[in-house]
Amino acid sequence: MKSCPEIKICGITKRKDAEVATDLGSSYLGFILYPKSPRFLPAKEAKGIISSLSAPRPYSVAVDVNPNISELEAAKVFSFDFHQLHFPLSTPVDLIKQWSSLVGCSKLWLAPQIEPGRTFPEDILPLADTFLVDAYSEDKFGGTGHKADWALFENLKNQYPHKKWVLAGGLGPHNLNEALLQANPDVLDMNSALEIDPGVKDHNKLHLAFSLLPT
């Protein structure tokens with residue numbers, strides 16, 4: 001059995017969901033600042049939820065899609081611990097370099113949208129310490145409920161072990177341990193598979209997911 005990775009519960013919109021995830025041992029809570037997401041939460045409300053939690057709190061992760069610099073600067077004001085940025089491969093590297101300069105490599109999680117058959121953009125590797133692999137969708141950036149390419153993920157993790165690798169994409173009680181065995185992620189990122197509705201977590205599924213993790 002693989003050792004237990006860190007756990008991120010993403011798409012948090014409710015204080016109670018954040019409290020349950022925290023009590024169960026989540027290392028990270030993800031708040032989606034992308035207005036087109038059904039799990040969108042303004043940064044000010046996200047910070048309010050974080051501040052309401054008793055210490056020690058999980059790390060806060062601000063999740064956005066291809067933000068311009070002004071948008072990222074506005075999010076940075078709220079002092080999230082990390083910024084997880086999804087983007088298509090057509091995004092100019094110069095913009096990604098600006099993201100990295102603004103928030104710092106150690107606080108940046110890069111999540112390129114990798115189409116089937118496309119290779120990972122190695123030129124972005126120096127720009128962040130953490131990378132996220134999610135299921136590919138032509139019109140969505142995360143939260144699809146579909147499985148990511150675990151073989152690609154494992155290859156990337158083995159090829160670049162000096163980086164932290166986050167696995168997302170349809171992860172929940174039904175496939176959590178399989179993902180752990182096959183992909184060996186540093187962080188397991190769970191979202192839609194733990195929901196009643198977008199942005200509303202099922203506490204029974206949360207409890208079940210954490211109960212299945214190796215100790």
K157, NZ atom: more than 12 neighbouring heavy atoms under 6.0 Å:
yes
Compare all side-chain heavy atoms of D64 with those of H83 and state whether any distance is below 4.5 angstrom.
no
Rounded to the nearest 0.5 angstrom, the CG-CG distance for D17 and L206 is 7.0 Å
With a 6.0 Å cut-off on the ring centroids, do Y160 and F131 count as close?
no
Shortest non-hydrogen pair, Q182 vs W150, comes out as OE1-CE3, 3.4 Å
Which atoms form the tightest heavy-atom contact between P58 and L53, and what is the distance?
CD-CD1, 4.3 Å
Could you label the plane-to-plane angle of the W99 and F87 rings as parallel, tilted or perpendicular, counting under 30° as parallel and over 60° as perpendicular?
perpendicular
By side-chain contact (heavy atoms from CB on, under 4.5 Å), A209 pairs with (sequence neighbours left out) P173, L176, M190, L194
Would you say K163 has more than 12 foreign heavy atoms packed within less than 6.0 Å of its NZ?
yes
Does T91 have any side chain to side chain donor-acceptor pair (under 3.5 Å) partners at least two apart in sequence or in another chain, and if so, which?
N66
Could you check if a side-chain atom of V20 sits within less than 4.5 angstrom of a side-chain atom of H207, using non-hydrogen atoms only?
yes
Is it the case that the ring center of W165 lies less than 6.0 angstrom away from the ring center of F120?
yes
Parallel, tilted or perpendicular: which fits the ring planes of F80 and F31, with parallel below 30° and perpendicular above 60°?
tilted
